[in-house]
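First the structure, in the form of structure tokens, and then the observations on it.
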Number of protein chains: 2
Amino acid sequence: MEDVVAGVVRQWQGVRPDLDLGPMAVIGRLNRCSALLRQASDALLGEEGLTRPEFDVLAALRRVGGELTPSRLARETFASGAAVTKRVRVLEREGLVARRVDGRDRRVVHLSLTERGRELIDRLLPEQLALEAALLAGLDPERRDRLAAALGELLVTLEGRLGGLVG
Amino acid sequence: MEDVVAGVVRQWQGVRPDLDLGPMAVIGRLNRCSALLRQASDALLGEEGLTRPEFDVLAALRRVGGELTPSRLARETFASGAAVTKRVRVLEREGLVARRVDGRDRRVVHLSLTERGRELIDRLLPEQLALEAALLAGLDPERRDRLAAALGELLVTLEGRLGGLVG
DNA sequence: GCGAGATATTTTCCAAGTAAATTAGATGTT
DNA sequence: AACATCTAATTTACTTGGAAAATATCTCGC
């Protein structure tokens, strides 16, 4: 059984047999897996009336346990400041996130989950994890953990390297 | 040395020790790797005045070798028809893609690369692959191929499973 | 040959993201 | 204290993408 990316690589081999397509076999699959997983997870969140970026905001606030400033939240969710402003505005309107202006420095605001926000993320995260577990069920746990380890290794080098090559 | 996702998982373990975060260790890393790789590749394409989706259109036309209709191109690039229409309009204006109306069925149009379009993608793809190879250079070839294989396996199950669970 | 539907593409309208400008407040230097 | 400079957050202007409607054309059954 062949995956889509294998087909793409085969096509390229036909028209550009001179190229080493090894990187594409890894990165193409990585991107495609990521897209499919995101699609499934978006569908689940959609049923709950949340977008993925909104979920990410709630999740970040939940896992740090306390308050976050918008700029820290932007860093945690890998989003721009402007995007955070807009997402938080929506979540605040929906009563899921609360805003508190800092006492000493009135430029900074502290964001936190409301009771309802915490309940929502505490209900959604397990659902999300269950879906993900179901999607990964094809891999036995040992293969899964080895995949996680391999990706972790790659991620460390990327985080290091991208400082040098782009960011 | 720890990656970002490991940190996130550790935070979750702190506040929700009841959950099995195994799936997150895989999928979080997958998504993050994908995002970082895309960022690097976008930067490279940006220097050449192309966006990633535009690159994907040229690449699809090049690897199939001949013409594609917009709907087939949408399937090949995993994009909506509307998105394809807009991308093709830009690429046509730039003289990289040509449009030919079908003789028998005047609803369908056939898209192909112009001479310039083919030259561009033939120059860019090797650059792209070289960048990707550099980014993956941390993994020795054997580990890299095993990662590709593991991802391929996952991708096959996802493609099958997502028919059932969502799409 | 003529509707009734099916299909390919494009258009319209709207949601969401970014970069750059803006606002507002803090900090440091003289 | 006054000025320039830095920083946090937001706003603005613009771009891109998608869903659904619109357009144009084909096909089938009569």
Side-chain angles (χ1 to χ4, degrees), chain A residues 31 34-36 38-43 45-47 49-58 60-61 67-94 97-112 166-167, chain B residues 31 34-35 38-39 41-43 45-47 49-58 60-61 67-94 97-112 166-167:
Chain A
N31 286 333
S34 178
L36 287 173
R38 172 159 302 138
Q39 193 179 316
S41 137
D42 285 352
L45 293 175
E47 292 170 16
L50 269 191
T51 66
R52 165 68 98 115
E54 286 165 356
F55 176 86
D56 288 344
V57 167
L58 298 183
L61 286 168
E67 295 178 320
L68 285 176
T69 64
S71 39
R72 174 99 191 279
L73 188 51
R75 251 175 291 130
E76 293 285 339
T77 59
F78 305 105
S80 70
V84 168
T85 295
K86 292 176 184 175
R87 287 167 196 168
V88 166
R89 179 170 21 219
V90 171
L91 293 170
E92 197 186 5
R93 208 184 305 138
E94 291 171 349
V97 164
R99 170 192 296 271
R100 178 179 73 76
V101 175
D102 188 285
R104 306 181 188 176
D105 185 339
R106 298 218 309 282
R107 291 170 305 178
V108 351
V109 2
H110 299 277
L111 303 166
S112 57
V166 282
Chain B
N31 286 333
S34 178
R38 173 158 300 140
Q39 193 179 316
S41 137
D42 286 353
L45 293 175
E47 292 171 14
L50 269 191
T51 67
R52 164 68 97 120
E54 287 164 355
F55 176 86
D56 289 343
V57 167
L58 299 183
L61 287 169
E67 295 177 318
L68 284 176
T69 65
S71 39
R72 173 98 191 280
L73 188 50
R75 252 175 289 132
E76 293 286 338
T77 60
F78 305 104
S80 70
V84 167
T85 295
K86 293 173 186 174
R87 287 165 197 169
V88 167
R89 185 182 316 157
V90 172
L91 292 170
E92 197 186 4
R93 208 183 303 136
E94 291 171 348
V97 164
R99 169 192 298 269
R100 177 179 74 76
V101 175
D102 187 285
R104 307 182 188 174
D105 186 339
R106 299 219 308 280
R107 290 170 304 179
V108 350
V109 3
H110 299 278
L111 303 166
S112 57
V166 283

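So that the names make sense, note that chain A is the first sequence line, chain B the second, and so on, each numbered from 1.
Here D:dT10 presents its P atom at 11 Å from CG of A:Leu73, a figure rounded to the nearest Å. Following rounding to the nearest Å, A:Glu54 (CD) and C:dG17 (C1') show an atom-to-atom distance of 13 Å. Here D:dA9 presents its C1' atom at 10 Å from CG of A:Leu111, a figure rounded to the nearest Å. Distance A:Asp102 CG to C:dT27 P: 10 Å, rounded to the nearest Å. With rounding to whole Å, A:Asp42 atom CG is found 13 Å from C:dA16 atom C1'. Counting to the nearest Å, the P atom of D:dT16 and the CG atom of B:Leu45 are 15 Å from each other. For A:Gln39 and D:dG17, the CD to C1' distance is 15 Å, given to the nearest whole Å. Between the C1' atom of D:dT16 and the CG atom of B:Leu91 lies a distance of 14 Å, rounded to the nearest Å.
To the nearest 0.5 Å, atom CG of residue B:Leu61 and atom CZ of residue B:Arg72 are 10.0 Å apart. Rounded to the nearest 0.5 Å, atoms OG1 (B:Thr51) and CG (B:Asp56) are 8.0 Å apart.
Nearer the 5' end of DNA chain C, as judged by each residue's closest nucleotide, is the contact made by B:Gly81, out of A:Thr51 and B:Gly81. Of the two residues near DNA chain C, A:Pro53 and B:Val84, the one whose nearest nucleotide lies more 5' is B:Val84.
With C:dT18, D:dG17, C:dA8 as the choices, the nucleotide that has an atom nearest any side-chain atom of B:Val108 turns out to be C:dA8.
Contact annotation: side chain of A:Lys86 to base of D:dT11, donor-acceptor pair absent below 3.5 Å. Counting distance only, with no hydrogens placed and no angle test, the side-chain atoms of B:Arg107 and the base atoms of C:dT9 include no donor-acceptor pair under 3.5 Å.
Across all strands shown, B:Arg72 has no heavy atoms under 4.0 Å from either base or sugar-phosphate atoms. At a threshold of 4.0 angstrom between heavy atoms, the contacts of A:Ala82 include nucleobase atoms, whether or not backbone atoms are also involved. Backbone-only contact: A:Thr69 has heavy atoms under 4.0 Å from sugar-phosphate atoms and none from a base. Nucleic acid contact for A:Val109: sugar-phosphate only, since backbone atoms but no base atoms lie under 4.0 Å from a heavy atom of the residue. At the heavy-atom level, A:Thr85 lies under 4.0 Å from base atoms of the strands shown.
Within the 4.0 Å cut-off from OP1 or OP2 of D:dT7, not a single side-chain nitrogen or oxygen of A:Arg106 is found. In terms of phosphate contacts, B:Arg52 brings no side-chain nitrogen or oxygen within less than 4.0 Å of OP1 or OP2 of D:dG17. OP1 or OP2 of C:dG17 has at least one side-chain nitrogen or oxygen of A:Arg87 nearer than 4.0 Å. Considering only side-chain N and O atoms, A:Ser80 lies under 4.0 angstrom from the phosphate OP1 or OP2 of C:dT18. Contact annotation: B:Arg89 side-chain N/O to C:dT11 OP1/OP2 distance is under 4.0 Å.
Here B:Arg100 pairs with B:Glu67, B:His110 under the side-chain contact (heavy atoms from CB on, under 4.5 Å) rule; sequence neighbours left out.
Of all heavy-atom pairs spanning A:Thr77 and A:Ala60, the tightest one is CG2-CB, 4.0 Å.
Inter-residue side-chain proximity for A:Pro70 and A:Thr85 is flagged as unmet; no heavy-atom pair is nearer than 4.5 Å.
Side-chain polar atoms of A:Asn31 and B:Ser34 form a donor-acceptor pair below 3.5 angstrom.
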